[in-house]
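Down below is the structure, laid out as structure tokens.
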Amino acid sequence: MRYLAFALSLGLSAAAAAQGADYLVGRPYAGLPGNWAEIRGSTLGRLPGDDREYALSEFRRLDDQAALALYHRLDRYQDDRYPISTILAALEVDDVREGETVTATECELRDGPAGARVVAVAGEPVFVEPDEVYRFGPVRLAWMLDRTAVRFVALDPARVVCPDDHPID
């Protein structure tokens, strides 16, 4: 019973912190949505039986109080240079607290499939001098991109690990 209450509270808190991006799904994506700055993106490769490319892009709202993750499919190129995509799933995290960062590329599942794409709200990376690396703080909220169901699924933050960020050589 205690586990069920925890799971329900986790799902409700994660759902409350991730809202408002459904209006983007199905729209063409040819650049930045208004009021957002692109941080990074990565291609995810093709799906079985589909020769199109897919990508996950990460944005920050200009006031730094929210983050946005977009899963999109590359449909064509405009003028043979600029990719035009369709947004398939969108996750807006509107509960970013002071001292936290949102990342869609730096964290992974402890017990999940290799290469799973995880969006995590974690403490900002801090430099750890003896190890000469940056380390993320604790993960507070997390979601995984489910490419089959074409949506972001809330995760238990304890299942997420954020390895050292940018080790110093």
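Side-chain atoms are counted along with the backbone in the values below, which use heavy atoms only and exclude waters and symmetry mates.
- One finds the CG atom of L70 at 8.5 Å from the CD atom of E38 (value rounded to the nearest 0.5 Å).
- No path of Ile, Leu, Val, Met, Phe, Trp and Tyr side chains, each step under 4.5 Å between heavy atoms, connects Y134 with V161, placing them in separate hydrophobic clusters.
- Partners of R117 by salt bridge (Lys or Arg N to Asp or Glu O under 4.0 Å), not counting sequence neighbours: none found.
- Distance OG1/T86 to CG/L24: 12.5 Å, rounded to 0.5 Å.
- Applying the salt bridge (Lys or Arg N to Asp or Glu O under 4.0 Å) criterion to D50, with sequence neighbours excluded, gives R52.
- A pairwise comparison of heavy atoms in V96 and A67 identifies CG2-N, 4.3 Å as the closest pair.
- Listed by chain and number, the residues in a salt bridge (Lys or Arg N to Asp or Glu O under 4.0 Å) with R159 are D111 (sequence neighbours excluded).
- To the nearest 0.5 Å, the span separating CD1 on I87 from CZ on R27 amounts to 8.0 Å.
- Evaluation of the disulfide (SG to SG under 2.5 Å) test over residues 81-123, restricted to residues two or more places apart or in two chains, returns C107-C162.
- Taking A158 as the reference, D156 meet the side-chain contact (heavy atoms from CB on, under 4.5 Å) condition, with sequence neighbours excluded.
- Legend: residues meeting side-chain contact (heavy atoms from CB on, under 4.5 Å) with V25, ordered by chain and number and at least two apart, are A90.
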Donor-acceptor pairs under 3.5 angstrom involving side-chain atoms of residues 147-154: please list them, not counting sequence neighbours.
{"unit_1": "R147", "atom_1": "NE", "unit_2": "Y71", "atom_2": "OH", "d": "3.0"}
{"unit_1": "R147", "atom_1": "NH1", "unit_2": "L44", "atom_2": "O", "d": "3.2"}
{"unit_1": "R147", "atom_1": "NH2", "unit_2": "G45", "atom_2": "O", "d": "3.1"}

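- Nearest heavy atoms, V121 versus W143: CG2-CZ3, 4.0 Å.
- Residue pairs satisfying the disulfide (SG to SG under 2.5 Å) criterion with at least one member in residues 38-75, sequence neighbours excluded, are absent.
- R97 pairs by the side-chain contact (heavy atoms from CB on, under 4.5 Å) definition with D95, E100, R140, not counting sequence neighbours.
- Taken together through direct or relayed side-chain contacts under 4.5 Å among Ile, Leu, Val, Met, Phe, Trp and Tyr, F59 and Y23 form part of one hydrophobic cluster.
- Proximity of E58 to T103: side-chain heavy atoms (C-beta onward) are separated by under 4.5 Å at one or more points.
- If you chain together ILVMFWY residues whose side-chain heavy atoms come under 4.5 Å of each other, L74 ends up grouped with Y77.
- A search for salt bridge (Lys or Arg N to Asp or Glu O under 4.0 Å) contacts involving R46 returns E53, not counting sequence neighbours.
- Residues L62 and A37 approach most closely at CD2-CB, 4.0 Å, considering heavy atoms.
- Between the CZ atom of R40 and the OG atom of S57 there is a distance of 11.5 Å, given to the nearest 0.5 Å.
- For T101, the side-chain contact (heavy atoms from CB on, under 4.5 Å) partners are R60, E124, P125, F136, not counting sequence neighbours.
- Atom CZ of R73 sits about 5.0 Å away from atom CG of L88, to the nearest 0.5 Å.
- Between V102 and V119, some side-chain heavy-atom pair lies under the 4.5 Å cut-off.
- In this structure, the separation between CG on D94 and CG on L68 is 11.0 Å, given to the nearest 0.5 Å.
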